[in-house]
Structures are given as C-alpha cells and as structure tokens.
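I am attaching a structure below and will ask some questions about it afterwards.
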Amino acid sequence: MSAVRIALADDEGMVRTALRVILDAEPGLEVVGEAATGAEAVSMVRERRPDVVLMDVRMPEIDGIRATEQILGTMDAPPRIVVVTTFENDAYVYDALRAGASGFLLKRAAAEELVQAVRLVASSDSLLFPAAVRSLAAEYGRRAPADLPAWAGRLTEREAEVLRLMATGLTNAEIAGRMGVGAATVKTHVASVLAKTGVRDRTQAVIAAYESGFISPR
C-alpha cells in the first residue's frame with residue numbers, strides 16, 4: 001500500500017520540524033510539504049495533494065479555519081484535515097470542525113497519539129476524541145431547530161442506529177459487533193448516512209447530527 005501523504009501547516013518552524021521527525025520515522029507515513037501561514041497552506045495543499053493535513057488554528061494571513069474552508073471548498077477529492085490546537089475546549093476547534101475538519105489534535109499530544117490520529121483519520125474508520133467533540137457541541141453548537149432536518153426522515157432505522165453509534169466513536173468493526181451484522185454491512189450503512197446527510201466523512205455526519213438535534217450532545 002502507498003504511504004499516507006501528510007502536509008504540515010504551522011507558523012512555528014520548530015513545531016513543524018518536530019512533527020516531521022515523528023511522522024517520517026513511521027512506516028507508511030510521509031511528510032510531503034510544509035507551510036508557515038494559512039495562505040501558504042492552501043497553495044501547498046493544492047500543489048502537493050496530501051492525504052492528511054495537520055493544520056494549526058492560529059496562523060498569519062488567514063487562520064486555520066479559513067484555510068480549511070478554502071481547501072475543502074475548492075478542491076476535488078480534498079485531503080482530510082486535522083486541526084492542531086493548544087486547548088481542546090475552544091470555540092475555534094468547533095468552528096474548524098463545522099468548517100469541515102475531520103478531527104483535532106492537541107499540541108501536547110504524545111508522539112504515539114499523533115501517529116495514531118493520522119492513521120485513524122486517513123482510514124476514516126472512527127472519530128477522534130468523540131467525548132471532546134460531544135462536549136464542544138454542547139458548548140458551542142447551534143440551537144437545534146424545532147423540526148429535524150429532512151435527511152433525518154430519510155434514514156432507515158439501521159442507518160439511524162449506525163449514526164448514533166458513530167457518534168460514540170466506535171469503529172466499523174465495533175459497530176458491527178454491537179449490531180450483530182457484518183463489517184461490510186456497516187460500511188454500506190455509513191456510506192448511506194454520509195450520502196443522506198450530504199457530508200464527506202463521519203466526523204461531519206456526527207457534527208450534523210448534533211447541530212440538527214438528531215442527537216443531543218448532553
């Protein structure tokens with residue numbers, strides 16, 4: 001299998017160097033580009049076409065949230081973006097998730113957590129820090145409308161169950177075990193959930209579920 005291609009966007013050179021050393025030392029991972037500003041990140045990602053971007057939230061020119069929006073809004077088959085932040089209980093983090101980021105990672109995370117996060121997001125098989133995402137949704141999420149969105153009514157009973165289990169952070173294999181079905185069946189349900197909610201990955205499906213009131217973060 002080809003290596004997971006990773007881009008780093010952070011205005012601190014020492015942080016980028018540390019991330020590169022950790023990631024390049026891992027089999028199956030390869031850092032293919034770096035950027036020191038949000039604008040540089042957008043340009044670099046379009047040129048290098050990485051699979052995963054580690055994106056600092058606060059950067060010069062444009063911040064990580066705007067950079068995330070521009071990358072995801074203008075590229076065909078865009079990369080998965082992981083926001084790197086100092087504080088997990090931060091409105092900026094939730095805004096980044098709302099903008100399309102697939103997860104977030106704390107700057108104080110250990111090397112093995114960093115590697116695991118990149119592999120997890122690249123595989124799109126689970127949710128990074130589901131409890132923290134739920135907490136952020138409870139703190140910063142929009143007030144749910146009186147009526148559920150139209151997509152909620154289009155979900156089958158099984159798909160609705162899969163979405164709720166996705167929100168707890170379970171992998172496809174774990175969901176399959178919980179529901180007593182095959183992993184391939186769960187993968188099909190997940191794909192259907194993403195199509196019906198109109199989002200690109202399971203993190204965005206969970207955010208949509210919280211924002212709409214389909215799932216209560218509390």
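Source: prediction; values computed, not measured. Note that the numbering runs from 1 along the sequence shown for the chain.
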Exercise. Side chain of Glu174, backbone of Thr171: donor and acceptor closer than 3.5 Å?
Worked result: yes

Problem set entry | Contacts of type ring-ring contact (aromatic ring centres under 6.0 Å, His included), residue Phe129, not counting sequence neighbours | Phe104

Problem set entry | Minimum side-chain heavy-atom gap Leu8-Leu23 below 4.5 Å | yes

Problem set entry | Main-chain N/O of Leu120 paired with Ser123 side-chain donor or acceptor, under 3.5 Å | yes

For this session: Output the distance between atom OH (Tyr92) and atom OG1 (Thr85), rounded to the nearest 0.5 Å.
Result: 10.5 Å

For this session: Answer yes or no: are there more than 12 heavy-atom neighbours, outside Gln116 itself, under 6.0 Å from its atom CD?
Result: no

Problem set entry | Verdict with reasoning, Arg46 to Thr74, per side-chain contact (heavy atoms from CB on, under 4.5 Å) | CA-CA 9 Å; Arg46 287 172 178 165; Thr74 60; 3.0 Å; yes

Exercise. Are Arg119 and Glu26 close enough for a salt bridge, meaning some N to O gap below 4.0 Å?
Worked result: yes

Exercise. Would you call Leu163 and Leu155 a side-chain contact if the rule is heavy atoms closer than 4.5 Å?
Worked result: yes

Exercise. How far apart are the closest heavy atoms of Ala67 and Gly38, and which atoms are they?
Worked result: CB-O, 3.8 Å

Problem set entry | Sequence neighbours excluded, every pair satisfying side chain to side chain donor-acceptor pair (under 3.5 Å) that has a member inside residues 180-189 | none

Exercise. Can you find a pair of side-chain heavy atoms, one from Val133 and one from Leu97, that are under 4.5 Å apart?
Worked result: yes

Problem set entry | Side-chain donor or acceptor of Glu34 paired with backbone N/O of Met44 under 3.5 Å | no

Exercise. When you measure from the side chain of Ser43 to the backbone N and O of Glu40, does any donor-acceptor pair fall under 3.5 Å?
Worked result: no

Seminar exercise, completed: Scanning both residues in full, the closest heavy-atom pair of Gly100 with Thr68 reads C-CG2, 4.4 Å

Exercise. Same cluster for Phe214 and Tyr140 if Ile/Leu/Val/Met/Phe/Trp/Tyr side chains link at under 4.5 Å?
Worked result: yes

Seminar exercise, completed: Correct closest heavy-atom pair for Val199 and Ala205 would be CG2-N, 3.5 Å

Exercise. Hey, quick one: are Val53 and Leu114 part of the same hydrophobic cluster, counting side-chain heavy atoms closer than 4.5 Å, chains of contacts allowed?
Worked result: no

Problem set entry | Distance in Å, Tyr94 OH paired with Tyr210 OH, rounded so as to fall on 0.5 Å steps | 9.0 Å

For this session: Using modelled atom types only, decide if a donor and an acceptor are shared between the side chain of Glu211 and the backbone of Ala208 within a distance under 3.5 Å.
Result: no

Seminar exercise, completed: Shortest non-hydrogen pair, Ala41 vs Ala9, comes out as CB-CB, 3.8 Å

Exercise. Rounded to the nearest 0.5 Å, what separation is found between the CG atom of Leu165 and the CG atom of Leu127?
Worked result: 12.5 Å

Problem set entry | Chi angles and distances behind the salt bridge (charged side-chain N to carboxylate O under 4.0 Å, His left out) call for Glu159, Arg154 | CA-CA 9 Å; Glu159 290 165 355; Arg154 292 194 293 268; over 6 Å; no

Problem set entry | Rounded distance (nearest 0.5 Å) linking atom CE of Met166 with atom CG of Leu194 | 5.5 Å

Exercise. Below 4.5 Å, heavy atoms only, C-beta onward: do Ile215 and Arg164 meet side chain to side chain?
Worked result: yes

For this session: Indicate yes or no: does Asp63 engage Arg66 in a salt bridge with an N to O separation below 4.0 Å.
Result: no

Exercise. Taking a hydrophobic cluster as the set of Ile, Leu, Val, Met, Phe, Trp and Tyr residues connected by side-chain heavy atoms closer than 4.5 Å, whether directly or through intermediates, do Val57 and Ile71 fall within one such cluster?
Worked result: no

Exercise. If we only count heavy atoms from C-beta on, is the Leu29 to Val118 side-chain gap below 4.5 Å?
Worked result: yes

For this session: Answer yes or no: is there a side-chain heavy-atom contact under 4.5 Å between Ser102 and Arg200?
Result: yes

Problem set entry | Glu113 side chain to Ala110 backbone, donor-acceptor under 3.5 Å | yes

For this session: For Arg16 and Asp10, indicate whether the former's side chain and the latter's backbone hold a donor-acceptor pair under 3.5 Å.
Result: yes

Exercise. Do Leu136 and Val82 belong to the same hydrophobic cluster, where Ile, Leu, Val, Met, Phe, Trp and Tyr are linked whenever their side-chain heavy atoms lie under 4.5 Å apart, directly or via other members?
Worked result: yes

Exercise. Heavy-atom distance under 4.5 Å between the side chains of Arg20 and Ile6, does that happen here?
Worked result: no

For this session: Without swapping roles, check the side chain of Arg80 against the backbone of Val52 for a donor-acceptor pair under 3.5 Å.
Result: no

Exercise. Looking only at atom types and distance, does a side-chain atom of Lys196 sit under 3.5 Å from a main-chain N or O of Trp151, one as donor and one as acceptor?
Worked result: no

Exercise. Just by distance, do the side chain of Thr197 and the backbone of Val193 share a donor-acceptor pair under 3.5 Å?
Worked result: yes

For this session: For residues Arg58 and Thr86, determine if any side-chain heavy atom of one lies less than 4.5 Å from a side-chain heavy atom of the other.
Result: no

Exercise. So if you build clusters from Ile, Leu, Val, Met, Phe, Trp, Tyr with side-chain heavy-atom gaps below 4.5 Å, do Leu54 and Met75 land together?
Worked result: no

For this session: State, to 0.1 Å, how close Val83 and Ala101 come at their nearest heavy-atom pair, and which atoms those are.
Result: CG2-CB, 3.7 Å

Exercise. Going from CG on Leu19 to CD on Glu12, what distance comes out if it is rounded to the nearest 0.5 angstrom?
Worked result: 10.5 Å

Seminar exercise, completed: Heavy-atom nearest pair, Pro79 first then Pro50, reads CB-O, 3.2 Å

